[in-house]
Structure formats: structure tokens, C-alpha cells
*Asks:* 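Next up is a structure, given as C-alpha cells.
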Amino acid sequence: MDFPILIATTLPAVYTRFMLRFIASALFASLFISPVSQAQPAGPDLILHHGKIVTVDHRFSICEAIAIRGERIVQAGSNAEVLAGKDRQTQTVDLAGKMVLPGLIDCHTHPLESSLVEFDHPIPQMDSVPDVLNYFAARAKVAPEGQWLVLRQVFITRLREQRYPTRAELDAVAPGHPVLFATGPDAVLNTRALELNGIDRHFTVPGGGPGRVEKDPQTGEPTGLIRTFARFVKVPAVGRQPTRLEQERCLAELFRDYNSVGITAVCERDAYPQQIPVYEAYRQSGAATMRVALSHHLDSEGDLATVRENVRRIAEHPLFKSKDLMLRIIGIKTYLDGGMLTGSAYMRQPWGVSAMYGITDPAYRGVRFIPEERLRDMIRATTAAGLQFTAHSVGDGAVQALLDAYEEVGKELPLRRTRPCVSHSNFMSREAIEQAARLGVMLDIQPAWLYLDTRTLLKQFGYERLRYFQPLRSIFEAGAVAGGGSDHMQKLGSLRSNNPYNPFLGMATAVTRQARWHEGRLHPEEALSREQALRFYTINSAAIIFLDHDAGSLEPGKLADLVVVDRDLLTCPEDKILGAQVLQTYFGGKLVYSAAAKTSAP
Ligand SMILES: [Zn+2]
């Protein structure tokens, strides 16, 4: 199909869509002049009617009824118009006025990893440093002495005390075990763990690369806090490891739970080669109810020729070439800076000395992983291969560096068609927003972070420095594309998970800018309207993962991925958005979740 691709790359999108429709309708019409198809065309398989169907089309039109044949929508309109097409085999469902939305799309999640986190043992909710210490004390009782005790992604911004547990505290609860308390790229180790890795007062960062061992300014001893710890700390796998079959089962279970909160498509934003076969097995199981796009992991370190070779290999992968809507590689993901939850996001201004984040150097701006020239080289190779480039970029320094690199590469290569992206893009500026809009750079943003982390960020940076923190309204008004996601990394359960993947929490936060354990609203001038919040989790996320021609809105020709919700999200009180319940989820025209049945089907 070279012809449509040629059109797609040389003409504006609206015209392309028109041409494709024209070709489609010509093909459709040709069916009726052939002598073998004299019979009336079959009616739709399914009609949903008497609803408030939010199509999220270009005009944000709302209709009453929708007809589905096979896995696609064939008509959307008034009850009378759509029901007129009904025939004897058409199943009809009276929506009784309920709201219907396009299937929701989470454009940044880590489903497989998340689904396996509690495989060995359940991990309790931890809201304070004592909770963390109690967890390690309990694990020390059951794990043999000398075995690593590891806790990942309990972010200090979300602990009541807003600080790391100290090396001494970890020693006190588990003196006989090496202990690792890791949040994103940073971690605190106890004495046993430091010793095992040869980290003492004389330790220096090898090769001057990224990373940093925090030392007590008085004694010179490591405090236990290490930035980008994975470069120096080797932690063996501990606990019961899932077999391939168990991994497939855990993934399928998680995806059923995603369906129960209305999610029908996701982007795995850091797929490692060993994870891909599990996604393939899920896709081939015959019971898949989730469209999965993969951003393939790309390591930025080491020989540049090897990095380029890895890009080339990803572009050769059959999942990139196949364009299968159920499972595709869309591009690569790499990491440009550390995290705001851990004190290592790369900022334009210094972080400031902070007891909370363990920062002692007043000039410290965070950690940047990829130097300028290498970044441009990686983007060039990725774009030339037709892959989407995205990098984890949290701080305004990292976001700006990535946009500038895109700007440079865009002078040589047609950047826009690979839909370059900034993942997280938490701290921005007016200029960065306008630059993203001008370059066609897309942003995948997680409002749950605003909900969970505002309290700590305010304490660290103050209100004014958060002016362009997740500036969603400005992004929409500038005409840039921002899509909603969760960055789900751990556990099952849409609100107990970390980060919570409930899309209604994301929408509510984007609309209210209200946060946990915090009075007031964070820069309410950046709040989205209801309509924008719905676009954010549907058509915009679809655009980010190259699914907007087939999903993200409810229009004839598109896939019948849709959800029925229990309330009117356009008119309900703001504080009722979060509690929205999905009543039914349809995937490719088939009912895959029903709250009434309290189980997923099939
Ligand atoms: Zn992520």
C-alpha cells in the first residue's frame, strides 16, 4: 500500500483523510455493481441507542446512537437514523441515556513489569518512613540472612516525612541483610549493601559518567544515597521468579483490570527485548482485549556505533514492519534525566539545598544522561529509521534540551511524521510549549503525579517555580498535542497501583488541579475543560501512539472500542469525576467488561 503512504507524507492530514474515505467509498460502491452481490448489505451486528455518545470527533459532536458491524463502527447519528438500518440479526442495546466514550488510551505505562511486582509477595501501601522500615523488618524475618531486601518505587515525595530512610535506619531494621530502597534512578543502601559494592569514603564515579554518591560533608562517609545507582550497584534477582506462562497470565489479568476502568489501548513506554515475547503471546492468545504499542528500550550509553546499530535492529523488527493494530513497535524510549520524585530531574536552575531530597550542593541541577551531540545523533538515527523517538524528560532543563535537539534534527530530516515525543515533560516554560507546538513534538503527561506530588514539589520549589508544571491548558491552546497516561509501574488495582492507572483520576486532576494532602489548587489557570480532558485520554493519546486513524474517536470506519460510564462527565460536579464507574467496555465491537456481570467476558 505505497499510495496512501505517499499521500500521508506529502499532504495535510485532513486532505489525506478525505482521499482515503474517497478510495474506501469507491471500493464499497464497487461491491454493488458486481453481479455476485445483488443482495441487500447485511445490517449492523450491534446498535447502541438512546445514549449520550461523545464521539470526540473534530467538532466534538454528541450523538444518540451508534451502529457496529464486525469490529468497526458503520454509523453514528440520531436514534431514528441509526435504528432504521437495523435488521433481524442486529442486536440492540438501550443505553437509557448513559454516556458513551471512545475507549480510553493510556499512552505511558509499563504493564508487564507492573503485573509481576507482587508475584513473590504482596507489597503493602506505604505512606511514611516507619511504614517502609516496618516492611524491611518484616522481610528480614522471612528472608535468609545475607539475602538482598529490595523495595522499589516508594517515592519519598509521597511519604509523610518527605525524606529518604537513612542508612542508619536501614541498618537498624535489617543489620544482617543488604538493603536497597530504590526510587527511580536513585537509591539508599544500608551499610551491608554499600560494603558488598565496594562503596566507601574513597569511592569515585567511574569514568566521570552520570551518577553521584552523596557523602556526609563532615565525615566524608557515604550517606547511603546514590544517584543513578544501577551503574555501580549490582543487585541479584531475589524471591520466586515467574515462568513465561505465569508472566502471560499476570499480564492478561492486568489488562482485564485496565478494561474495567475503560482502557482499551496502551503504550508500553520501555519494552525490553525479553518482554516482547510475552506481549506477543498475549496478542496471539485469541483472548486479547488490549491494543498495545511498544516503545522499545534504547540504551544511550556505550559506543555510538552500537547505539545506532541497535536502532537499526529495532527498525528491522517484524512488529515494527507489521503495523498490526493489536501489537506494534512504534519507536524507541530512552532516558534523558533523573526524576522529580527522587531529586535528580535536570533543571535549568539549581534544585536548592534540600534535606528532603538529600541535596547538599547549592549548584546541583540534577542529572542529565545524554550529552547534546549524542542526543542529536540518536534522534537522527531514530528518525531516519522511521521510528518515534521519546526520552524520559522531567526537568525543564531536560525538556528544553530535547526540544532543542529536535529543532536541530528537524532542519535535516522530516521529523514531524515520526511524531517525536517528550515523555513526562513535567516542568516546562512558555517558550518550550510554543516550541513543541511549532515542531509538532507531542507530550505524554501524567496528571497523577500532580495529584500525588504537589505537596512536596511546592515545599521544594515554591508556587511560582511551578507555574509551568504540567501546563496542560497552555499546551492545548498553543496547539501542541498532549496525551494522558499513568506511568503505571507497580501493582494491580486502578487506585492502589503505583502510579495509579485510573483514567478518571487523571481527568479529575487535569480539570481541578487538586492534589492529595494539599489545600487549594496548583495553578488553576492550567486546568483543562471537560472536553479537553476527554480529548487528552482519547484522540490525543491515540495520535501519540499512531492509532488516531483507527481509534480515539467514535466515527464511521473506526474501531468499535468504547465505554459506557455511569455518569455524565461533561456536566457532573467536579468532585464526582474521580468516582466514575465503567458499566461496559466494548473492544472491537465485543463486550469485554460488564460491571453488572462483575466479571470480565470472556
Ligand atoms: Zn515510565
Side-chain angles (χ1 to χ4, degrees), residues 105-117 152-155 157-158 182-187 228-230 251 254-255 258 263 265-276 278-279 290 292-300 329-346 366-370 388-395 398-399 402 419-427 442-453 470 482-492 494 497-503 505-506 509 536-537 541 544-545:
I105 301 176
D106 187 323
C107 68
H108 189 135
T109 170
H110 305 281
L112 180 55
E113 182 191 347
S114 303
S115 74
L116 300 174
V117 163
R152 292 181 193 271
Q153 316 301 39
V154 173
F155 296 107
T157 45
R158 300 174 185 177
T183 63
D186 307 330
T228 324
F229 73 94
L251 181 66
L254 177 64
F255 280 156
Y258 277 13
I263 300 170
V266 294
C267 185
E268 153 68 85
R269 271 302 199 199
D270 198 17
Y272 279 75
Q274 65 272 25
Q275 297 177 318
I276 293 175
V278 185
Y279 286 109
M290 188 63 57
V292 182
L294 305 172
S295 291
H296 196 292
H297 177 79
L298 181 68
D299 204 335
S300 65
I329 288 174
I330 58 169
I332 68 91
K333 156 80 176 289
T334 194
Y335 291 79
L336 185 51
D337 71 345
M340 71 179 201
L341 312 183
T342 65
S344 56
Y346 184 65
V367 182
R368 173 176 173 170
F369 300 134
I370 314 174
Q388 178 185 66
F389 187 95
T390 196
H392 164 114
S393 311
V394 171
V399 172
L402 184 53
R419 305 189 184 182
C421 202
V422 183
S423 285
H424 309 309
S425 200
N426 278 309
F427 292 85
M442 300 185 174
L443 313 164
D444 84 61
I445 295 184
Q446 297 72 41
W449 294 22
L450 190 156
Y451 176 73
L452 292 171
D453 304 309
Q470 297 195 355
S486 61
D487 201 11
H488 176 215
M489 308 178 208
Q490 292 199 328
K491 306 208 254 186
L492 193 138
S494 74
S497 53
N498 178 14
N499 296 292
Y501 53 81
N502 188 308
L505 172 65
T509 304
F536 185 52
Y537 273 94
S541 280
I544 290 177
I545 66 170

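Side chains included, hydrogens not; waters and symmetry mates left out as well; all remaining heavy atoms used. Whatever order the structure lists them in is the order used to number ligands and atoms, beginning at 1.
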*Asks:* Just to be sure I understand the site: which N, O or S atoms from the protein are less than 2.8 Å away from the Zn ion (ligand 1)?
*Replies:*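 The answer, once waters are left aside, is His108 NE2, His110 NE2, Asp487 OD1.
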*Asks:* Does some side-chain heavy atom of His424 sit less than 4.5 Å from a side-chain heavy atom of His108?
*Replies:*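 Heavy-atom side-chain distance check passes, below 4.5 Å.
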*Asks:* Test Asn499 against every option in Lys491, Arg158, Gln490 by the side chain to side chain donor-acceptor pair (under 3.5 Å) rule and name the one that passes.
*Replies:*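 For Asn499, the side chain to side chain donor-acceptor pair (under 3.5 Å) test succeeds with only one of Lys491, Arg158, Gln490, which is Arg158.
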*Asks:* So which heavy atom on Asp106 is nearest to which on Ser486, and how close?
*Replies:*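 Taking every non-hydrogen atom into account, OD2-OG, 2.7 Å.
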*Asks:* Under 3.5 Å, is there a donor-acceptor pair linking the side chains of Thr109 and Tyr258?
*Replies:*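 There is such a pair between these side chains.
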*Asks:* Verify the distance criterion only: is there a donor paired with an acceptor across the side chains of Thr342 and Thr183 at less than 3.5 Å?
*Replies:*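 The criterion, which ignores hydrogens and geometry beyond distance, is not satisfied for Thr183 and Thr342.
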*Asks:* Name the orientation class of the two ring planes belonging to Tyr335 and His297 (parallel below 30°, tilted from 30 to 60°, perpendicular beyond 60°).
*Replies:*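 Tyr335 and His297: tilted rings.
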